[in-house]
Amino acid sequence: MSSPAVSTSLERTYRYLRIGIAGTVVAIFVAIAQAATTYGWLTSVSDYFYSPARNVFVGALIAVSLALFALSGRGAERALLDAAALFAPLIALVPTTVAADAVPGVDVTCPGRCFPSDYEADVANGVSVYLVLGVLVLILALVLGALGQVSLRTVWPSLLIAAIVLAVTALTWAFARDAFLAQGHFVATTAFFALFAAVAIRNAFPRRGPQPSPVFRVLYTAISVGLVLLLVLYVVLLPQADASGIPIVLLVEAAALALFFAFWVVQGVEKWADPDPTIIAA
């Protein structure tokens with residue numbers, strides 16, 4: 001019997017982070033399935049924020065954000081994953097708008113979809129924490145750069161993106177709060193999955209380093225194309241989501257989550273045996 005391959009702690013960390021991110025999708029699906037037994041099939045995945053699935057939904061997205069920062073890597077992929085990590089908490093902390101009678105127990109009075117005013121205090125608390133922590137992380141990165149512990153030359157795209165996202169979030173929250181509440185979840189969700197479409201195509205055609213095998217290149221490309229098509233459907237169908245009577249947006253969002261899950265499974269398999277970068281450097 002052959003002995004198991006020896007792996008370094010860094011290899012295991014990257015493996016477990018990829019498995020953990022894929023696991024968050026499973027957690028969201030299980031939470032929604034359980035909530036659906038009492039709430040039924042709602043218009044979208046995001047509508048389950050207003051159900052008992054809320055805690056799992058929010059916790060999973062925060063966990064994804066932290067894992068993406070840890071996995072961000074280098075170069076363009078680092079900037080893309082860091083940007084996605086910035087949008088994940090906003091998806092969690094700024095709930096979607098809902099239509100009247102769309103979710104049991106959630107009251108809205110406007111025609112069409114609007115933000116339930118009862119949840120504004122929760123959003124205010126979450127956005128405040130998000131902005132404070134975001135600014136502290138930026139300051140920490142700059143301090144570490146000044147001390148020579150981080151190369152600002154390599155991380156400046158991520159820092160610039162973070163500064164822009166935080167500034168836009170703060171200004172919109174301060175001066176256009178109604179628009180923020182009405183569109184914040186939609187913008188964050190669209191940006192998150194668009195960034196992952198770019199990450200997938202980047203993995204299919206990396207500019208440097210080892211090139212993926214044809215099988216992995218096809219899989220990454222299929223995930224990217226699928227996410228782009230689903231984003232187009234999401235943008236087009238969301239305004240009509242409550243009129244059709246069919247949870248089309250729910251199906252589109254579930255498919256996007258499935259592709260997100262597939263990306264981490266594919267990358268986990270492809271990079272499972274990647275050597276520890278410190279070994280290469282040595």
[X] and [Y]: same hydrophobic cluster, using ILVMFWY side-chain contacts below 4.5 Å?
X      : Y      : result
Phe196 : Ile19  : no
Leu171 : Val135 : no
Val106 : Trp41  : yes
Leu80  : Leu160 : no
Val26  : Phe263 : yes

Run the side chain to side chain contact (heavy atoms under 4.5 Å, CB included) test on Leu86 and Phe69 for me, step by step, so that the C-alpha distance in whole Å, both residues' side-chain angles and the decisive distance to 0.1 Å come before the verdict.
CA-CA 9 Å; Leu86 287 167; Phe69 275 125; 4.2 Å; yes
[Y] side chain reached by [X] side chain, heavy atoms, under 4.5 Å:
X      : Y      : result
Thr97  : His185 : no
Leu229 : Val225 : yes
Phe87  : Thr190 : no
Pro95  : Phe115 : yes
Tyr130 : Val94  : no
Phe192 : Phe260 : yes
Leu227 : Tyr234 : no
Leu136 : Leu140 : no

Would the Tyr48 and Phe57 ring centres measure less than 6.0 Å apart?
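Ring-ring flag for Tyr48/Phe57: false, centres at least 6.0 Å apart.
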Within the 6.0 Å centroid threshold, strictly below: Tyr50 and Tyr39:
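Judged by ring-centre distance (under 6.0 Å), Tyr50 and Tyr39 do not meet the cut-off.
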Of the options Ile62, Asn55, Val56, which is the one that meets Val58 in a side-chain contact (heavy atoms from CB on, under 4.5 Å)?
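Only match with Val58 under side-chain contact (heavy atoms from CB on, under 4.5 Å): Ile62.
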Side-chain ([X]) to main-chain ([Y]) donor-acceptor, under 3.5 angstrom:
X      : Y      : result
Thr38  : Ala35  : yes
Arg217 : Ser213 : no
Glu77  : Asn203 : no
Gln211 : Pro206 : yes
Ser224 : Tyr220 : no
Arg15  : Trp272 : yes
Thr24  : Ile21  : yes

Spacing of [X] atom [atom1] and [Y] atom [atom2] [to the nearest 0.5 Å]:
X      : Y      : atom1 : atom2 : result
Glu253 : Thr96  : CD    : OG1   : 7.5 Å
Thr221 : Ile201 : OG1   : CD1   : 4.0 Å
Phe193 : Leu230 : CZ    : CG    : 9.0 Å
Phe186 : Arg113 : CZ    : CZ    : 11.0 Å
Leu159 : Leu142 : CG    : CG    : 6.0 Å
Gln183 : Thr172 : CD    : OG1   : 11.5 Å

For Leu257 and Ile28, what are the C-alpha separation, side-chain angles and deciding distance, and is it a side chain to side chain contact (heavy atoms under 4.5 Å, CB included)?
CA-CA 9 Å; Leu257 283 171; Ile28 290 173; 4.2 Å; yes
For the residue pair [X] and [Y], what are the closest heavy atoms and their distance?
X      : Y      : answer
Val228 : Ala197 : CG2-CB, 3.9 Å
Ala31  : Ala53  : O-CB, 3.7 Å
Leu81  : Val199 : CD2-CG2, 3.9 Å
Arg177 : Trp173 : NH2-NE1, 3.0 Å
Val45  : Ala254 : CG2-N, 4.0 Å
Gly126 : Leu93  : O-CD1, 3.6 Å

Between Thr154 and Arg78, is the side chain to side chain contact (heavy atoms under 4.5 Å, CB included) condition met? List the steps.
CA-CA 9 Å; Thr154 59; Arg78 164 186 262 173; 3.5 Å; yes
Run Phe261 and Phe29 through side chain to side chain contact (heavy atoms under 4.5 Å, CB included) and show every step you take.
CA-CA 11 Å; Phe261 172 86; Phe29 281 150; over 6 Å; no
Under 3.5 Å, is there a donor on one side chain and an acceptor on the other for Asn125 and Ser128?
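Their side chains do not contain a donor-acceptor pair, so the 3.5 Å distance test is not met.
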Can you tell me if Tyr16 has over 12 outside heavy atoms packed within less than 6.0 Å of its OH?
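Counting neighbours around OH of Tyr16, 12 or fewer heavy atoms of other residues, nucleotides or ligands fall under 6.0 Å, so no.
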